[in-house]
Visitor: 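Okay, handing you the structure first.
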Amino acid sequence: MEDNRPQGGIVYLDSHQDKEIVKLDGKWEFYWQQLYTPLDFGRDLFRQPPSIVEVPLTWRSYTIGGEKLPLAGYATYRLQIKFPEEEIGTVKALYIPSIASAYKLWINGEVKSQNGEVGKTKGTMKPENVPKVVEFPIHNNQIELIVQASNFNQRKAGIFNSILIGEPEPIRQYQQRKITYRAIIVTSLVMIGIYHILMFLYRRKETSLIYFGILCIVVAIRATILEEGLASQILFFLNWEIARKLEYLGATIGVLFFTLFVYTQFSKDMHRKIRDFITVVYASYSLFILFTPAVVYTRTMLFLQILILLAITYLLFVYSIAYFRKRENSLINALAIMMLFLSAINDTLYFNNVIYTTELASVGLVFFLFTQSIMISKRYSMAYLQSEKLSNDLAILNASLERQVLERTKELQYANKRLQVANESLEEAHQLRSKWIRNISHEISTPLTNIRAYMMGMLDGVIPSKKNFIQLVYDQSLYLSRMLHDLHDMTDVENRQIKYDLQKVNIQDYVLNFYNKTKLDVEKEGIIFKYHDLLSDTAEELIVFIDPLRIEQVIVNILKNAKRFVKEDGEIQLELGKWDEKYIIIKIKDNGIGIKEDELDLVFNRFYKSKNQNQQQNGSGLGLSISKEIIEHHHGMIGVESKEGEGSCFYFMLPLFEGM
């Protein structure tokens, strides 16, 4: 990740930086107590000159007109991003972190993201904190970002975290890594907490277990809320005010139960009155958080951090005394509390914008709690093993042996069944493969025999070396080439290796372009080719999610089939319509010789060819089968209607894109 420094509200991204994730940290335009929109900037309606401010930074740190800005208020940020010419036509993405306490984002005049409701008073705004990834196309080399923000609810205000820009995939991976990292921590804490709470239910006298379990759960909730992308997925039902209370209560209640837990471990080394004092202070602070709004208690964050550091410092002192007195497990405890102390210092500096790292207290707590969990489990496990070992060893051994025999027997039975199924599948695959090879041999041998016969006739002088005979040999070689191409496609279908490049496509434009592209070639063969768009009166844009090349392959296969069976001066019609509200239908009609009724169910079978002897069959017998596979992959349906002597109508349906 690279740092790029905007200057005077403009940032230039060179081609190298444009491939990386870049922080848009630096000088932005800032309009205090104004909520400007792109129209205001475009028409130059605003009168207030911009202030150039450092981003990210809470606007409480800004000074305008010689005065520091208050926490409560609203403002507009603006930044212009210059891209290299070669980036025009590409798609980029922004990672938008929390912006306190609500925001609305425009990119090139279009609203792209919004959290909560921006307002000019506390009553008209609605706070919300959810990090988002916003994708946008680059139509020219200059992109304008406009961010409206308002805050009347907490100690942070405006853009206080870095906004990132980069390719969509790396940006989404960055967001996912953050969520995954926090999810691992939260999951670990919850599992440890539940385990120790359950242990307490079976051993009520050991209060250390319940203190430890509650501590884990409280820290897990706070860690979830701190990663707002994870909180929006797990704790989506919480409103903003409750989420903030849980965040701060996670710190106060966590320290309270942490102190109680340490006292259960080293009661001889911790002064009881100090334990009671810490308990009263943090219980009182928790009540203060519960009964005051966020705009009040969030302003005491620095004071709370100082209290936490003092408490952890005292607990570190307790662990040090325990170590010098050679208490059990005191060394690993001292190391764990030292890591927690360092992570708490980091968080104090981080949340006060002194350093730009990340929140690490939850990591330090996970390490500390994990070590405590190991030691508690070890202590109780050893006690249990000592008391139960002599009486249960033999019973456990016998039960283990019986269980192993039973499990091995079941495994063998299951393996035998799987082997039987595998053998049957192999036999079926062998039969299908043999049939497949016989069909291929038969289909390839026919054109090879024809080519060999014509060439031998020419060599022996039986057939003159005239252009029409050479043309026949050439036609047979083309047929053989088409056959091999179709066999290659069918092999990909069999092995599920056929690749699809699915895209959102306007079906009316797509079919019309295909018709215009192929009309001349079809009519060169003396065939009338018409197109009917039954959707021309439809006002809405009809979008399908397809692989354009594969669907074109389907239409071409059906069109080739139609051309082989129309009479001289025949006619083929391409028709686009709507089947129902969820599907469009494409039809290819011809006035050819038609298909016999008993053959209609066979035309999509592999290697099937019509038995009609009045037409020259140049098909491989695979085109319609491949078309059927392609349409079914697109969740559509393909079929045919025909009467012998009256022509045929091949059709297929495709689902409309659900996002419309």
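Worth saying up front: this structure is predicted, and the values here are computed from it rather than measured. Position 1 is the first residue of the sequence; numbering continues from there.
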Visitor: Do Asp269 and Arg325 have side chains that approach each other closer than 4.5 Å (heavy atoms only, starting at C-beta)?
Guide: yes
Visitor: Using 4.0 Å as the upper bound for N to carboxylate O, is an ion pair formed by Glu29 and Arg78?
Guide: yes
Visitor: Check whether any side-chain N or O of Thr298 sits under 3.5 Å from a backbone N or O of Arg155 as a donor-acceptor pair, and report yes or no.
Guide: yes
Visitor: Please check if the side chain of Ser61 supplies one atom and the backbone of Leu57 the other of a donor-acceptor pair under 3.5 Å.
Guide: no
Visitor: Below 4.5 Å, heavy atoms only, C-beta onward: do Val295 and Gln154 meet side chain to side chain?
Guide: no
Visitor: Kindly assign one of parallel, tilted or perpendicular to the pair Trp32 and Trp59, based on the angle between their ring planes and the thresholds 30° and 60°.
Guide: perpendicular
Visitor: Among all residues two or more places apart in sequence or in another chain, which pass the side-chain hydrogen bond (donor to acceptor under 3.5 Å, both in side chains) test with Tyr285?
Guide: Thr300
Visitor: Do Val133 and Tyr95 touch side chain to side chain, with heavy atoms closer than 4.5 Å?
Guide: yes
Visitor: What is the minimum heavy-atom distance between Phe200 and Glu206, and which atoms define it?
Guide: CD1-O, 3.3 Å
Visitor: Give the minimum heavy-atom separation between Ile159 and Tyr77, together with the two atoms involved.
Guide: N-OH, 3.3 Å
Visitor: Can you tell which of Phe257, Tyr211, Phe212, Phe261 makes a ring pair (Phe, Tyr, Trp, His ring centres under 6.0 Å) with His196?
Guide: Phe212
Visitor: Could you tell me whether Lys112 and Glu110 have a side-chain N and a carboxylate O separated by less than 4.0 Å?
Guide: yes
Visitor: Does Leu71 offer a backbone N or O that forms a donor-acceptor pair with the side chain of Asn151 under 3.5 Å?
Guide: yes
Visitor: Is the closest side-chain donor-acceptor distance between Thr124 and Thr121 under 3.5 Å?
Guide: yes
Visitor: Please report the interatomic distance CG(Leu260) to CD1(Ile214), rounded to the nearest 0.5 Å.
Guide: 9.5 Å
Visitor: With a 4.5 Å limit on heavy-atom distance, are the side chains of Trp106 and Thr37 in contact?
Guide: yes
Visitor: Could you check whether Lys92 pairs with Glu87 (Lys NZ or Arg NE/NH1/NH2 to Asp/Glu carboxylate O, under 4.0 Å)?
Guide: yes
Visitor: Has Arg244 got a side-chain atom pairing as donor or acceptor with Ala294's backbone, closer than 3.5 angstrom?
Guide: no
Visitor: Might you point out which heavy atoms bring Ile99 and Ala149 nearest each other, and give the distance in Å?
Guide: CG2-CB, 4.0 Å
Visitor: Please answer whether the main-chain N or O of Gly119 pairs with a side-chain N or O of Ser150 as donor and acceptor at a distance below 3.5 Å.
Guide: yes
Visitor: Could you tell me the separation between the CD1 atom of Ile289 and the NZ atom of Lys245, rounded to the nearest 0.5 Å?
Guide: 8.0 Å
Visitor: Is a side-chain N or O of Thr58 found less than 3.5 angstrom from the main chain of Ala157, in a donor-acceptor match?
Guide: yes
Visitor: For residues Arg203 and Leu209, report the shortest heavy-atom separation together with the two atoms involved.
Guide: O-CD1, 4.4 Å
Visitor: Taking atom types as modelled, is there a side-chain donor on Ser113 or Tyr103 under 3.5 Å from an acceptor on the other?
Guide: yes
Visitor: Given Thr224 and Leu246, is the side-chain contact (heavy atoms from CB on, under 4.5 Å) satisfied, shown in steps?
Guide: CA-CA 10 Å; Thr224 302; Leu246 289 177; over 6 Å; no
Visitor: Report the C-alpha distance between Leu307 and Val281 in whole Å, list the side-chain angles of each, state the deciding distance to 0.1 Å, and finish with yes or no for side-chain contact (heavy atoms from CB on, under 4.5 Å).
Guide: CA-CA 9 Å; Leu307 287 180; Val281 168; 4.2 Å; yes
Visitor: Given the side-chain rings of Phe41 and Tyr31, with only the six-membered ring counted for Trp, is the space between their centroids under 6.0 Å?
Guide: yes
Visitor: Under the 3.5 angstrom rule, does the side chain of Tyr314 hit a backbone N or O of Arg275 as a donor-acceptor pair?
Guide: no
Visitor: Decide whether Glu144 and Asn108 meet the rule of one side-chain donor and one side-chain acceptor closer than 3.5 Å.
Guide: no
Visitor: Between Lys132 (side chain) and Pro97 (backbone), is there a donor-acceptor pair under 3.5 Å?
Guide: no
Visitor: What do the steps show when you test Gln142 against Ile10 for side-chain contact (heavy atoms from CB on, under 4.5 Å), and what is the final call?
Guide: CA-CA 10 Å; Gln142 180 169 310; Ile10 302 176; over 6 Å; no
Visitor: Between Pro84 and Asn141, is there a side-chain heavy-atom distance shorter than 4.5 Å?
Guide: no
Visitor: Any chance you could measure Ile171, atom CD1, to Ile21, atom CD1, to the nearest 0.5 Å?
Guide: 4.5 Å
Visitor: Would you say the side chains of Thr76 and Gln148 form a donor-acceptor pair under 3.5 Å?
Guide: no
Visitor: Within the 4.5 Å heavy-atom criterion, are Tyr74 and Met125 side-chain neighbours or not?
Guide: no
Visitor: Before giving the answer on side-chain contact (heavy atoms from CB on, under 4.5 Å), spell out for Ile52 and Phe30 the whole-Å C-alpha distance, their side-chain angles and the decisive distance to 0.1 Å.
Guide: CA-CA 6 Å; Ile52 304 301; Phe30 181 77; over 6 Å; no
Visitor: Report yes or no: does Glu128 contribute a side-chain atom to a donor-acceptor pair with the main-chain N or O of Gly116 at less than 3.5 Å?
Guide: yes
Visitor: Is there a donor-acceptor pair under 3.5 Å between the side chain of Thr252 and the backbone N or O of Leu249?
Guide: yes
Visitor: Looking at every non-hydrogen atom in both residues, tell me the closest pair between Leu94 and Leu24 and how far apart they are.
Guide: CD2-CD1, 4.1 Å
Visitor: Work out which heavy atom in Tyr282 is nearest to a heavy atom in Ser286; give both atom names and the distance.
Guide: O-OG, 2.8 Å
Visitor: Working to the nearest 0.5 angstrom, can you tell me the gap between Arg204 CZ and Met199 CE?
Guide: 13.5 Å
Visitor: Looking at Glu169 and Arg172, is any side-chain nitrogen of the basic one under 4.0 Å from a carboxylate oxygen of the acidic one?
Guide: no
Visitor: How about Leu105 and Val111: do any of their side-chain heavy atoms sit closer than 4.5 Å?
Guide: no
Visitor: For the atom pair CD1 (Ile143) and CD1 (Ile165), what is the distance rounded to the nearest 0.5 Å?
Guide: 8.0 Å
Visitor: Could you give the distance from CG (Leu69) to CD1 (Ile64), rounded to the nearest 0.5 Å?
Guide: 4.5 Å
Visitor: Can you confirm whether Met270 sits close enough to Leu315 that some side-chain heavy atom of one is under 4.5 Å from a side-chain heavy atom of the other?
Guide: yes
